[in-house]
Amino acid sequence: MTTGDVDYYGLDELLAEDERMTRASVRSFVEREVLPVIERCHAEERFPTDLVPRMAELGVFGANLEGYGCAGLSNVAYGLIMQELEAGDSGLRSMASVQGSLAMYAIWRWGSEEQKRRWLPEMAAGRAIGCFGLTEPDHGSDPGAMETRARRDGAGWVLSGTKRWITNGSISDVAVVWAKDGETIRGFLVEKGTPGLSARDIKGKFSLRASITSELVLEDVRVPSSAILPEARGLGGPFSCLNQARYGIVWGAIGAARTCYLTALSYAKERTQFDRPLAGFQLVQAKLVHMVSEITKGQLLAWRLGRLKDAGTMRPEQVSLAKRNNVGVALEIARLARDVLGANGIVNEYPVIRHMLNLETVNTYEGTHDIHTLIVGRDITGLDAFGIG
Ligand SMILES: Cc1cc2nc3c(=O)[nH]c(=O)nc-3n(C[C@H](O)[C@H](O)[C@H](O)COP(=O)(O)OP(=O)(O)OC[C@H]3O[C@@H](n4cnc5c(N)ncnc54)[C@H](O)[C@@H]3O)c2cc1C
């Protein structure tokens with residue numbers, strides 16, 4: 001038994017009926033359509049693109065956005081969707097996060113009316129895929145130092161630079177590309193097939209193998225003036241999108257942790273050593289208790305953050321605290337579960353090693369664990385330690 005719920009504190013009572021229903025439908029999708037194929041996708045280093053229309057049907061893409069064909073669900077419902085997807089695989093949740101919280105949100109928040117009408121309904125329906133190009137080969141945690149340039153050229157713009165580690169990159173119909181016009185960071189919508197734009201997949205990943213990660217090269221890519229996100233200026237543009245995606249990760253990571261915990265619990269009850277089930281040893285119980293405690297705390301953190309977001313009072317630093325905590329504990333839980341499974345913990349007969357490897361990426365992207373430490377540290381002390389070792 002590796003699917004199902006962990007609700008040690010009766011947290012279901014905190015959810016509205018429609019939020020529970022949303023969760024149930026996505027959970028059933030994951031159990032029936034994702035789990036049977038995900039190990040193979042992971043082995044073959046490919047994303048199950050045939051699941052995109054089903055995800056769209058379930059309202060997964062841009063679920064918490066209003067209008068333009070989006071589902072307009074509460075942020076808690078959106079979080080529960082991310083949790084169920086990531087209980088299946090972090091790569092699946094990454095695809096949905098990038099589509100909804102990074103690419104669609106960028107257009108929804110910073111785009112022109114024309115851009116919104118053109119892209120959002122298509123993206124919500126899964127007919128168009130988006131990606132978000134912020135990171136560069138030499139600039140990850142410090143995107144303000146990006147080298148990609150945007151220069152005005154007549155009525156349009158010319159973009160040049162390289163973006164790396166871009167989820168959905170090679171399957172995208174539209175790339176949100178962040179580039180510097182002088183010293184100001186601006187966002188551009190670059191359509192697939194635009195001359196000068198090329199995407200190359202990064203192979204050989206040990207983590208997030210069932211997710212597409214690409215390098216985008218922009219060689220004098222000419223885009224019309226209508227391609228610029230008119231409202232976004234400075235790092236606030238991309239950071240506002242990252243904040244949405246990080247929020248989803250807060251929930252998602254607990255989904256991956258839940259799968260690892262349930263697998264370890266079930267395994268420990270069934271496997272016998274020294275004439276008793278592993279679950280009957282104190283040291284094993286200590287590991288299982290640590291897992292369920294951290295999952296329960298993580299669930300509470302996610303739920304409270306969701307209600308703050310629904311109330312419009314959530315602060316980015318609160319998202320940082322929760323992303324840092326929930327991904328950190330999820331990774332720890334995955335490693336503990338891997339340990340409880342012994343040698344069986346390293347094979348793909350069980351989902352644990354896949355989740356463990358995936359969570360290494362989740363710990364790094366959308367702001368590393370340590371970058372979120374610095375964000376919360378600055379918030380509580382008033383002192384910026386970013387440039388200090
Ligand atoms: C599978 C995958 C998918 C991704 N998808 C996307 C995507 O869709 N779009 C996108 O734009 N990016 C994406 N990324 C990139 C991701 O956001 C970056 O990897 C992340 O921001 C970290 O940057 P970096 O890898 O360059 O590490 P670095 O910034 O080089 O950091 C390396 C280490 O140094 C530490 N460090 C950095 N600065 C400091 C400091 N000031 N103080 C203390 N420690 C510090 C970090 O915490 C980390 O431990 C993805 C990455 C992966 C692995």
Side-chain angles (χ1 to χ4, degrees), residues 41-42 45-47 86 89-106 129-148 161-172 174-179 185 187-188 190 199-218 235 237-246 248-249 252-253 256 320 323-324 327-328 331 354-378 383-389:
C41 289
H42 178 84
E45 258 188 296
R46 68 177 171 84
F47 177 75
E86 196 149 357
D89 191 86
S90 301
L92 192 74
R93 198 270 306 137
S94 294
M95 188 275 156
S97 282
V98 169
Q99 173 85 345
S101 289
L102 292 181
M104 289 175 74
Y105 182 82
I129 305 290
C131 70
F132 185 87
L134 180 65
T135 305
E136 299 184 354
D138 295 329
H139 307 285
S141 298
D142 184 15
M146 71 173 62
E147 292 170 45
T148 301
T162 303
K163 298 292 177 180
R164 191 165 162 81
W165 304 108
I166 308 306
T167 303
N168 301 347
S170 64
I171 57 164
S172 282
V174 59
V176 176
V177 172
W178 300 96
I185 292 173
F188 297 86
V190 184
R200 183 184 64 84
D201 285 345
I202 299 172
K203 291 292 178 185
K205 290 179 296 167
F206 281 80
S207 175
L208 233 60
R209 287 171 62 86
S211 165
I212 293 167
T213 316
S214 317
E215 182 167 85
L216 296 185
V217 179
L218 300 115
L235 269 176
F239 280 177
S240 70
C241 307
L242 291 175
N243 211 35
Q244 307 302 311
R246 289 167 180 172
I249 291 171
S320 285
K323 193 271 182 184
R324 177 183 181 277
V327 179
L331 189 51
R354 175 169 51 82
H355 279 294
M356 191 191 95
L357 293 170
N358 283 343
L359 287 165
E360 292 289 349
T361 285
V362 184
N363 202 45
T364 286
Y365 71 13
E366 301 278 353
T368 69
H369 189 269
D370 286 344
I371 289 298
H372 289 297
T373 306
L374 296 172
I375 292 171
V376 178
R378 181 178 57 195
L383 299 168
D384 186 337
F386 270 80
I388 297 163

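Residues: numbered from 1 along the sequence shown. All ligand and atom numbering here is 1-based and tracks the order in the structure.
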request  = Considering non-hydrogen atoms only, spot the tightest contact between Asp201 and Ser214 and give its length.
outcome  = OD1-OG, 2.8 Å
inquiry  = Side chain or backbone, does Ile166 bring an N or O within less than 3.5 Å of an N or O on ligand 1?
reply    = no
ask   = Ser207 pairs by side-chain hydrogen bond (donor to acceptor under 3.5 Å, both in side chains) with which of Thr213, Thr361, Thr364?
value = Thr361
remark   = Residues Phe47 and Gly91: closest non-hydrogen pair is CE1-O, 4.2 Å
message = Need the ligand 1 atom indices (1-based, order shown) with element for anything under 4.0 Å from a heavy-atom of Glu366.
response = 17 (O)
key: Polar proximity ligand 1 side, Ser141 side, N/O cut 3.5 Å exclusive   = yes
key: Ligand-side contact atoms (ligand 1) for residue partner Leu134, heavy atom cut-off under 4.0 Å   = 11 (O)
inquiry  = Between Glu136 and Arg164, does any NZ, NE, NH1 or NH2 come within less than 4.0 Å of an OD or OE carboxylate oxygen?
reply    = no
remark   = side chain to side chain contact (heavy atoms under 4.5 Å, CB included) filter on Asp384, not counting sequence neighbours, yields Arg378, Phe386
query = Which bit of Leu374 is near ligand 1, meaning a heavy atom under 4.0 Å away: side chain, backbone, both or neither?
reply = side chain
inquiry  = I'd like to check Leu357 versus Arg209 (side-chain heavy atoms, cut-off strictly below 4.5 Å). Are they in contact?
reply    = no
query = Any donor-acceptor pair under 3.5 Å linking the side chain of Lys323 with the backbone of His372?
reply = no
note = The answer for which part of Lys163 has a heavy atom under 4.0 Å from ligand 1 is neither
note = Rounding to 0.5 Å, atoms CH2 (Trp165) and NZ (Lys205) come to a distance of 8.0 Å
query = Out of Phe132, Phe386, Trp165, whose heavy atom is nearest to atom 50 (C) of ligand 1?
reply = Trp165
query = Between Gly387 and ligand 1, does any nitrogen or oxygen pair lie at a separation below 3.5 Å?
reply = no
message = Taking the side chain as everything from C-beta on, heavy atoms only, tell me whether Thr162 gets closer than 4.5 Å to Glu147.
response = no
Under 3.5 Å: N/O of His139 near N/O of ligand 1 = no
Closest candidate by heavy atom, reference atom 10 (C) of ligand 1, pool Thr135, Leu102, Ile212 = Thr135
Nearest atoms (heavy-atom pairs only) where Cys131 meets Ala103 = O-CB, 3.9 Å
ask   = Considering only heavy atoms, does Thr361 approach ligand 1 within less than 4.0 Å through its side chain, its backbone, both, or neither?
value = side chain
Ligand-residue contact atoms, ligand 1 with Tyr365, heavy atoms, under 4.0 Å = 2 (C), 3 (C), 4 (C), 16 (C), 17 (O), 50 (C), 51 (C)
ask   = Is Asp370 close to ligand 1, meaning an N/O of one under 3.5 Å from an N/O of the other?
value = no
key: Under 4.0 Å to a heavy atom of Gly140 - the qualifying atoms of ligand 1, by number   = 21 (O), 23 (O), 24 (P), 26 (O), 29 (O)
message = I need the contact type for Leu208 against ligand 1. Using non-hydrogen atoms and a strict under-4.0 Å cut-off, is it side chain, backbone, both or neither?
response = side chain
inquiry  = If you take the nearest heavy atom of each of Thr368, Val176, Ile371, which one is closest to atom 47 (O) of ligand 1?
reply    = Thr368
query = Taking N or O atoms only and a 3.5 Å limit, does Asp142 qualify as a polar contact for ligand 1?
reply = no
key: Side-chain heavy atoms of Gln244 within contact of Leu102, under 4.5 Å   = no
